[in-house]
Amino acid sequence: MTMDLFQDQPAEQYSERIVEGAVVLRGRACDSDRDLLDAIAMVARTAPFRHMLTPSGHTMSAAMTCCGQLGWVTDERGYRYQSEDPLTGRAWPDMPPPLFKLANQAAREAGYPDFMPDACLINRYEPGARMGLHQDKDEQDFSQPIVSVSLGLPQVFQFGGAKRNQRPENIPLGHGDVVVWGGPSRRFYHGVLRLKEGEHPLTGRYRYNLTFRKAG
Ligand code: MD3
Ligand code: FE
C-alpha cells in the first residue's frame, strides 16, 4: 500500500493575514512544488549554492544562490545586489518561468497586481541552520512587496516589528507556504530559528526558501 491514492488530492489552501500588509497563502506552492524544485536544481547547476561571508566575517549557515537580473550577495565589503555571480563571474541564471509566475500570481492574490520581481534569492537550510533577526533593506523601493516561498522541511519563522527590540512572534512555515510581505510589514524585523532534523519526501534534509524581490 502506497500513498499514491492521496498524491493527486488538491492540497488544502487558505489565506490568513499575519499583520497589516502581510498575507500567508498556506499551501499555495504545493501544486507546482516539483516544477519549482526542478527549477531550483537547474539554477544551482549554473550558480551553485554557497555559504557567503557576512561583513563581520561570519559564514552564513544557510547556503544561497540567486536567479534573475540581480542577485543578493554579502562579503567583507557589505551587502548588495549585483548582476554577476561573484563565484563564477557570470550573469545570474534567468528566473525560471514557473518561479516568476508563482511570485507574480501570489502577489496579485494579495493585492499587488503588477509585481515584477527582478531578483530571486534562494536559501537552503540544513538541520542546525538559521537566520538571525534582520530587515531587508538593500532594495530600492519599499513600496514593492517581497514574496517568500517555503519548500521542504518546516521551519519556525520569527516576525518582529519595526524596531529590533520588539518581541518576535513565532510562525511555522511549511512546505508550499507562500507569504506576501507588503505595506508596513515590508520593513519589519524577521528571521528563522534553527532548522530541526527531519526528512521531507521531496527535499530530504533541506528546507528551501525563495524570496522574490524588485531590487533595482
Ligand atoms: C518579512 N529569509 O532571505 S522568509 C531573507 O526563511 C529571509 O529564508 C527567511 O529573511 C527564510 O531575507 C525568511 C520570510 C520573509 C522574507 C522576506 C521578508 C519575511 C520577510 C522581507 C520583509 C519582511
Ligand atoms: Fe529577510
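Computed over heavy atoms, backbone and side chain alike; hydrogens, waters and symmetry mates excluded. Atoms within a ligand are numbered from 1 in the order they appear, just like the ligands themselves.
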If the threshold is 4.0 Å, N to carboxylate O, is there a salt bridge linking [X] and [Y]?
X	Y	answer
R108	D114	no
R213	D136	yes
E20	R186	no

Check ligand 1 against the protein and report each N/O to N/O distance under 3.5 Å, formatted as atom name, atom name, distance.
from	atom 1	to	atom 2	distance (Å)
ligand 1	3 (O)	N123	ND2	3.0
ligand 1	3 (O)	R213	NH2	3.4
ligand 1	6 (O)	R207	NH1	2.9
ligand 1	6 (O)	R207	NH2	3.1
ligand 1	8 (O)	N123	ND2	2.9
ligand 1	8 (O)	Y125	OH	2.6
ligand 1	8 (O)	N209	OD1	3.3
ligand 1	10 (O)	H134	NE2	3.2
ligand 1	10 (O)	H190	NE2	3.0
ligand 1	12 (O)	H134	NE2	3.2
ligand 1	12 (O)	D136	OD1	3.3
ligand 1	12 (O)	D136	OD2	3.2
ligand 1	12 (O)	R213	NH2	3.1

How many protein N, O or S atoms are found at a distance of less than 2.8 Å from the Fe ion (ligand 2)? 3
Between W72 and M95, is there a shared hydrophobic cluster once you connect ILVMFWY residues whose side-chain heavy atoms come closer than 4.5 Å? no
Distance-only check: which donor-acceptor pairs under 3.5 Å involve side-chain atoms of residues 57-70, not counting sequence neighbours?
from	atom 1	to	atom 2	distance (Å)
H58	ND1	S56	OG	3.1
S61	OG	R130	N	2.9
S61	OG	R130	O	3.0
T65	OG1	A47	O	2.6

R77 backbone acceptor or donor facing D75 side chain under 3.5 Å: yes
Separation of Q144 CD from D118 CG (nearest 0.5 Å): 9.0 Å
Going by the rule salt bridge (Lys or Arg N to Asp or Glu O under 4.0 Å), which residues pair with E84 if we only count those two or more places apart in sequence or in a different chain? none
Is there a salt bridge (charged side-chain N to carboxylate O under 4.0 Å, His left out) between R205 and E199 once you walk through the steps? CA-CA 5 Å; R205 291 175 79 234; E199 185 76 23; 5.7 Å; no
